Trainee: 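Here it is, the structure in full.
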Amino acid sequence: GPSGVGKGTLLEHLMKVMPQFTFSVSHTTRAPRPGEEDGVHYNFSTVEKVKAMISNGEFLEWAEVHGNYYGTSLEGLRGKGVTVLDIDVQGVKNVKRAVAEGRLAGANYVFIRPVNVAVLEERLRGRGTETEEKILLRVANATGELEYGEEAGNFDVIITNNDLNKAKMEIVEVVKSLYRL
Ligand SMILES: Nc1ncnc2c1ncn2[C@@H]1O[C@H](COP(=O)(O)OP(=O)(O)OP(=O)(O)O)[C@@H](O)[C@H]1O
């Protein structure tokens, strides 16, 4: 889902409830936000290093989003069983390509949507981690992402993150049903 919709919040909850799954720690070139730990929330890296990893084919998927690079390294997934990726629409398209090309066995796709774009903007402001310019860029990108996410057939499941507790319960139920747990 788009930036600010609550992916990080919902996935933190999911990982607590489903300890048998592994959270895939992405590489990123963006600066850590307060409270974010290297190797836990992200592998914080430099543009130079990430570009080198891209040329070496080390990523399952990577994307340049809002001026920063994000990527899932193949090495980070190896031998981990079911891994959970916190990725945006570009990332999803790239994972789908990897599955189509046989570089990944398969994946389930869950889209998190807000009630509307105004709510996203409110949450990004409330989070207090983004400059005004970055908030506006994220909100501008959200419209296209919502169109793709809500189009029939693009995702296995769509969850609306309005009431947070309801959305938390929903994501757990969805995952349980997708993996027959
Ligand atoms: N249902 C909700 N109701 C109100 N606030 C929420 C809800 N879900 C998340 N938030 C808040 O909205 C903000 C954005 O959530 P979060 O950081 O999880 O989004 P994200 O999708 O991971 O964003 P990004 O892709 O930029 O990392 C946070 O401050 C979070 O506490």
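We count ligands from 1, going down the list as the structure has it; atoms in each ligand are counted the same way. Quantities reported herein were computed from a predicted structural model and do not represent experimental measurements.
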Trainee: How far is atom 25 (O) of ligand 1 from its nearest protein heavy atom, and which residue and atom is that?
Mentor: K7 NZ, 2.8 Å
Trainee: Before signing off on this row, confirm whether L124 and ligand 1 have an N or O atom pair separated by under 3.5 Å.
Mentor: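 The answer is no, given that L124 and ligand 1 share no N or O pair closer than 3.5 Å.
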Trainee: Starting from atom 22 (O) of ligand 1, which protein heavy atom do you reach first, and at what distance in Å?
Mentor: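 Its nearest protein heavy-atom neighbour is G8 N, 2.8 Å.
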Trainee: Among all protein heavy atoms, pick out the one at the shortest distance from atom 17 (O) of ligand 1; state its residue, atom name and that distance to 0.1 Å.
Mentor: R127 NH1, 2.7 Å
Trainee: Is there a heavy atom of G128 sitting under 4.0 angstrom from any atom of ligand 1?
Mentor: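 No, that is not the case, since the closest heavy atom of the residue is not under 4.0 Å from the ligand.
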Trainee: What protein heavy atom sits nearest atom 31 (O) of ligand 1, and how far away is it?
Mentor: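 Residue, atom and distance for the closest contact: T9 OG1, 4.1 Å.
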Trainee: Side chain, backbone, both or neither: which part of P2 has a heavy atom under 4.0 Å from ligand 1?
Mentor: backbone
Trainee: Test your reading of the model: is there a side-chain donor-acceptor pair from S45 to the backbone of T29, 3.5 Å cut-off?
Mentor: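 Side chain of S45 to backbone of T29, a donor-acceptor pair under 3.5 Å: no, none is there.
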Trainee: Determine, using heavy atoms of E130 and all atoms of ligand 1, whether some pair is separated by less than 4.0 Å.
Mentor: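 Flag not set, E130 not near ligand 1.
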Trainee: Return yes when G4 approaches ligand 1 closer than 4.0 angstrom through a heavy atom, no otherwise.
Mentor: yes
Trainee: For the pair R127 and E130, find out whether any cationic side-chain nitrogen is under 4.0 Å from an anionic carboxylate oxygen.
Mentor: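 Yes, this pair counts.
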Trainee: Quick one: do the Y179 and N108 side chains pair a donor with an acceptor below 3.5 Å?
Mentor: yes
Trainee: Can we say K168 and E12 salt-bridge, meaning some charged N sits less than 4.0 Å from an Asp/Glu carboxylate O?
Mentor: no
Trainee: Report whether V115 and V139 are members of the same hydrophobic cluster (ILVMFWY, side-chain heavy atoms less than 4.5 Å apart, transitive linking).
Mentor: no
Trainee: Under 3.5 Å between any N/O of D86 and any N/O of ligand 1: does that happen in this structure?
Mentor: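 D86 vs ligand 1: no N/O contact under 3.5 Å.
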Trainee: Any ion pair linking E75 and R78 (charged N to carboxylate O, less than 4.0 Å)?
Mentor: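 Result for this pair is yes, salt bridge flagged.
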Trainee: May I ask you to decide if Y109's main-chain N or O and D156's side chain share a donor-acceptor pair within less than 3.5 Å?
Mentor: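 The answer is yes, because a donor-acceptor pair under 3.5 Å joins these two groups.
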Trainee: Verify whether the ring centers belonging to F44 and H27 lie closer than 6.0 Å.
Mentor: no
Trainee: Tell me, please: is R33 in heavy-atom contact with ligand 1, that is, under 4.0 Å?
Mentor: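 Distance cut 4.0 Å: R33 passes for ligand 1.
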Trainee: I want to check a possible cation-pi pair here: K51 against Y69, using under 6.0 Å from ring centre and within 45° of the ring axis as the test.
Mentor: no
Trainee: What about N161: any of its N or O atoms under 3.5 Å from an N or O on ligand 1?
Mentor: yes
Trainee: Looking only at protein heavy atoms, which one is nearest to atom 10 (N) of ligand 1, and what is the separation?
Mentor: R123 CD, 3.8 Å
Trainee: Looking only at distances, please establish whether an N/O atom of ligand 1 is found under 3.5 Å from an N/O atom of Y42.
Mentor: no
Trainee: Do L181 and I171 sit in the same hydrophobic cluster, where Ile, Leu, Val, Met, Phe, Trp and Tyr count as joined when their side-chain heavy atoms come under 4.5 Å apart?
Mentor: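 L181 clusters together with I171.
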Trainee: At what distance is the nearest protein heavy atom to atom 26 (O) of ligand 1, and which residue and atom is it?
Mentor: S3 OG, 2.6 Å
Trainee: Closest approach of M15 and T22, non-hydrogen atoms and distance?
Mentor: CE-C, 3.5 Å
Trainee: For ligand 1, which atoms, with element, lie under 4.0 Å from some heavy atom of L164?
Mentor: 1 (N), 2 (C), 8 (N)
Trainee: Look only at interatomic distance and state if R30 has a nitrogen or oxygen under 3.5 Å from any nitrogen or oxygen of ligand 1.
Mentor: no
Trainee: I need the nearest protein heavy-atom contact for atom 19 (O) of ligand 1: residue, atom name and distance, please.
Mentor: G6 N, 3.1 Å
Trainee: Is K93 close enough and on-axis enough to Y148, meaning under 6.0 Å and within 45°, for cation-pi?
Mentor: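 Here K93 passes the 6.0 Å and 45° test against Y148.
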Trainee: Provide the number and element of each atom of ligand 1 under 4.0 Å from a heavy atom of R138.
Mentor: 26 (O)
Trainee: Is N162 close enough to touch ligand 1? Criterion: a residue heavy atom under 4.0 Å from a ligand atom.
Mentor: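 A heavy atom of N162 does come that close to ligand 1.
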